[in-house]
There are 2 protein chains.
Amino acid sequence: MSGFSDPLTTCKACNEIYRADHLIKHIVEVPDALSNQEIYKVICDNEVTCPECGGALSEIYEFNLMFKTNIGPGGKLQGYLRPETAQGMFINFQRLLRYFRDHLPFGAVQIGKSFRNEISPRQGVIRLREFTQAEAEIFIDPRNKTHPKFGEIKDLVLKLYSQAAQERGEPDTMTVGEAVERGVIAHQILGYYVARTYQFLMAVGVSSGSMRFRQHKSDEMAHYAADCWDAEVLLDRLGWIEIVGIADRTDYDLKAHMAQSKVSLKVMVPYDKPIKRQKLVVKPDFKALGPKFKAKSKAVGDALKALTPEDIRGDMIKVQLDGEQIEVDKSLVSFETAEEEIRGEEVVPHVIEPSFGIDRIIYTVLDHSFYEDAVDGEARSVLKFLPGVAPIEVAILPLMDRSELVAPARKILEDLRSRGIRTDYDTSGSIGRRYRRNDEVGTPYDVTVDYETLEKGTVTVRDRDSMRQIKVRVEDMVCTLEGLLSGAKKFEKAGVMVEIHPT
Amino acid sequence: MSGFSDPLTTCKACNEIYRADHLIKHIVEVPDALSNQEIYKVICDNEVTCPECGGALSEIYEFNLMFKTNIGPGGKLQGYLRPETAQGMFINFQRLLRYFRDHLPFGAVQIGKSFRNEISPRQGVIRLREFTQAEAEIFIDPRNKTHPKFGEIKDLVLKLYSQAAQERGEPDTMTVGEAVERGVIAHQILGYYVARTYQFLMAVGVSSGSMRFRQHKSDEMAHYAADCWDAEVLLDRLGWIEIVGIADRTDYDLKAHMAQSKVSLKVMVPYDKPIKRQKLVVKPDFKALGPKFKAKSKAVGDALKALTPEDIRGDMIKVQLDGEQIEVDKSLVSFETAEEEIRGEEVVPHVIEPSFGIDRIIYTVLDHSFYEDAVDGEARSVLKFLPGVAPIEVAILPLMDRSELVAPARKILEDLRSRGIRTDYDTSGSIGRRYRRNDEVGTPYDVTVDYETLEKGTVTVRDRDSMRQIKVRVEDMVCTLEGLLSGAKKFEKAGVMVEIHPT
C-alpha cells in the first residue's frame, strides 16, 4: 500500500462507501498488513456485508487521501495539500545541511496543519481531515546510532509493548538502557527519542499508568523501517489510541528524493584522521602526443590521466573519446605512484522521525485530567491540569463585588499578569460556585480577596486538588504563586494553613 | 467587488493572464475602488496592452481566490481553503459569547495559514499563495466605543497618514489621544489597537522611522467599515507595503452570518438599572369567547393577548388567525396596564479586526535590521535583531578548539540553555570570523572563553552593535546575560570594560 491512500469498498446495493480495512478489524488484528486482494478475500470468506443495508461489497480500490486543488488561473497546475508536515524538511535537506555546516547529526522540527481526505472522520478529534502535526527529522550517520546524552535517560522506566510482548499480550516494564541493551529497542538514538517523548507526555499531563510504547509488528512496519514505536494511550471511550510515532526510517526518504530529483543528498563524513593511500598518476607525454593526435591531443591526454591501474595492463592503451576508441602506445605515457589523502566517506544519512498528533495529545490530556469527586454531598468536576498547560493558572476572586474588595483584587490581577501568569478574574456567584467553576476548567490556584486583605494584608490561596487553603501576605503573593506554579514550592509550606473544612 | 476574487484580463494574442487592476496602477492611484467595467474603460482609453506581447486585452472577469477541493470520496462535497483566519471566530461567536458569560466586550485571536490563489505570487514573501495570518476579532457594544485602558496609550506619538494627509501628500505626527479627539481616528477603541499594533511592531524590531499608519480612502474602504488603518512600512526594494490592517467592520459580519444561518447573534446588554415601563395587558373573556368561537377560542384569545395599543383603537378588534381575519367585539375583552421591567436591550455587536500579515512582518524585521559597516577596512554585515527575536541570543565561542577551553565553554552553554536562553556554540575558524558570522545572523552577544577563564575565572562578553567587550565573572554570567537580554542591564555597566579596539 502506498503512503497516503486508503483501501475503499462500495456497497453494491446502497452505494455507501467504506474503509475496507475498518470493516474487518474484528476479524484480522492488523488489517494494515494485508494487500487489497487479501482484504477482499477476508470480506468474502467471512461474508462481511454493508453495515447499513446488508448489501454485497465491491472489490477494494485505492482512494488518494491527498486533497487535490488547482493553482493559478486556467486550472492548468494541479497541487495537493500536504498529508504530513515532514516533506518540507526533506525538501530543505541541503539548506539544513549547509546551516549545520555539513556536520551530522542534525535535525529540524515543524508544526502545522496536515490534511487527509479521510472517508469517515470520527471519534471527535481522533480522526480529522485537517489536523495539527508536529514532526522532527533527525538526520544521523547510519554507522553510529549511539547518542551522547543517552546516559541522561537510560534509567527511565518505561512500559514497552514490544513485538514479543504483544505475542504474550502483556507489556514489559524496563529501563530504556536495558531495552537497548537487550535489543528490544533497536538502538540508542531511537531509545533516546522514545524516552524524551515519554518525558514530554508526562510534562503535559498524560497519565503514565494509562500509556505504553507499542512496537510495530514486522508485517505492520514499513519495509524500509529499522524499528518503529508508537506512544499509545488508553482513553475512556476509545480504548488504546496512537498519539506519537517514533521511527527509524533509515535512508528511504533521502534515497527516494535523490531518485526523483537527481540531486545527491549524500554527506561527506570526515575520518578522525585522513587515510593515506597509494594512487596511480598517469603522465601523458604531451610533446609526443601533439604530432600524433593534433587537435585531439589535449582530449586524449585528459582521457589518459583518468585511467585506472586496470586500464594500463597491455602494451597498447585504449581510451574512449566521444564514442571513438583510440589506441595509444604505452611509450607516450609515463607512470608514477603518489600518496593520496582520503578525508572521509560519503554517506546517505538515516533519519529518525518522531511524529506527534497534537490534537490527539490535547484530547488525551483532557481525558486523563478529568475526574469527579464529591464535596459536601455534591459532585465536583475537576480537570487536574498541570500549571504549564492550564488555560488559567490563577483565578482572582474578590469575596464580594464591592469596590473596597475589587480595587485590591484588580491590583493583584495586574501584578500577576505583568509577571506573565495566565489569570482570570471572577466576581459572579457565591465563592463556592466560583471555586467549582475554576475546578472544572482546571485552574490550579484560586486567590480570594476578602476583608482580611484589608485588615491584615493577607489573601487566601486555595489548592484545586486538595481544596486546602493557605493565607499569604499580599506582598509575598507573586513570589509564592510563581514558586507554586513552577513546582519549586510545596503548597503546605507556602503560607499559613487555614484549618477549615476544604471546599 | 466581492471579498475574495481578483479582476483578471487575458491577452487575446498570447493567452497570458493578468491582474487587470495591476496593469493600470501607473494610471489610477487606487484601482481597488474601480468596478470591472471602469477598469476595462481605463485599459481601453489608455491603450493598455499585454506587457508580454503587446496584444489586445480581454474584458475583465472575476477569478475566485479561494482554492477549491473535494471532500470525501466520490467528489460530491465541495470545499474551499480558508482565505483568511477570521471566519472561525465568527462561526464560534455564540460559543465565545457563552465563554465570556454574555458580556461585551470580548475578543478572540487566531493564527495560522490562509490560502489565496493569487494569479501572480511575487516579491518574495510579500504575496504568497499560502501565508501566515494572525487576526483578532474584538466584539464591542456599538453604543460605546471608548476603551478603559485608553489612558495607557493616549500619549504615544504616531505618524498618521489620514485621508486628509494623503490629499496633502504628507503624514501628520500626533498623539493617539489627539488623533481621536480631532476625529482623525474614528474612536478610542480603534485608536487603542492602532497604538498596541505600533508597540508590537516596535517590540519585534520594525523601525519607527520607516513606518506609518495609513487610513483607507473613502473609495477604498469597504462600504460597511466605519474606519480602517493600515500599518505600512518602507522596504528597501519594495517601497511602502501594508503589513497590518485594523478595521472597525461594524456589524457587517455578524449580520451577514445571521442572514445566512437564520440564527440570532444579538447580545443582551443590561441597563445599569432596569427601566420600568407601563404596558398594556389584554385579558380576553374566555367564558364569552368559548360559545362564539368554539374550537378556535383558545387561538383567538392568544391572538388578542398579543395585541398592541394601536390594534385596539376601534370598537371591533381584528385579529389574524392562520391568514383568516376575525373580528372580535371589544366587550369580549378587558384591558389593564401593568408595570414592566426592561432589563436591557439587544444589540448586534460591532467588531474591531486587527489583521497581521506574519510573513510580511518577518520580512520587514529582516529588512529593517540589516546594515553594513566596515571594521578594519573590511565590510561587516549585521542584523541588529532585538534579543526577543534573535534566533541565537548568545554564542559561546571557545578561543581555541582545545579540551581545556571546550570543557568550561560546554558548561557555560548548558547553564545558559537550562535558563531557556537560545544559544549556539561555535569553534570553527578564527575568533574574528566567528564574530562576523554571529553579527551576520544577528546574535546580540558573544561569550568568548579563553585562558583568562582558566586563570581568572572571567569570560569576555561582546556586544554586537558597539563591538565593545566586557569581562564578566563566570559565576555572574547567567545573571548578567539575562539582564542584558531583558534590557534591565546596560552593557557598559554590566562588567569591566575591555579597552581594546572593537572587533
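Residue numbering restarts at 1 for every chain, and letters A, B, ... go by the order of the sequence lines.
Interface remark: B/F67 contributes backbone and side-chain atoms alike to the contact with chain A (heavy atom separation under 4.5 Å). Only the side chain of B/I17 comes within less than 4.5 Å of a heavy atom in chain A; its backbone stays farther off. Heavy atoms closer than 4.5 Å to chain B are found in the side chain of A/R437, but not in its backbone.
Using modelled atom types, one side-chain atom of A/T69 and one backbone atom of B/K68 make a donor-acceptor pair closer than 3.5 Å. When atom types are taken as modelled, the side chain of B/N117 and the backbone of A/N70 share a donor-acceptor pair closer than 3.5 angstrom.
Side chains of A/I71 and B/R129 form a contact here, defined as non-hydrogen atoms less than 4.5 Å apart.
Other residues, nucleotides and ligands place no more than 12 heavy atoms under 6.0 Å from the OH atom of A/Y99. For B/R101, the CZ atom sits in a packed shell: over 12 heavy atoms of surrounding residues, nucleotides or ligands are nearer than 6.0 Å. Within a 6.0 Å sphere centred on CZ of B/R422, heavy atoms belonging to other residues, nucleotides or ligands number more than 12. Within a 6.0 Å sphere centred on CZ of A/R343, other residues, nucleotides and ligands contribute 12 heavy atoms or fewer.
When each of B/T10, B/N64, B/L8, B/D6 is tested with A/P73 by the rule side-chain contact (heavy atoms from CB on, under 4.5 Å), just one qualifies, namely B/L8.
Rounding to the nearest 0.5 angstrom, the gap separating the NZ atom in B/K113 from the CG atom in A/L81 is 12.5 Å.
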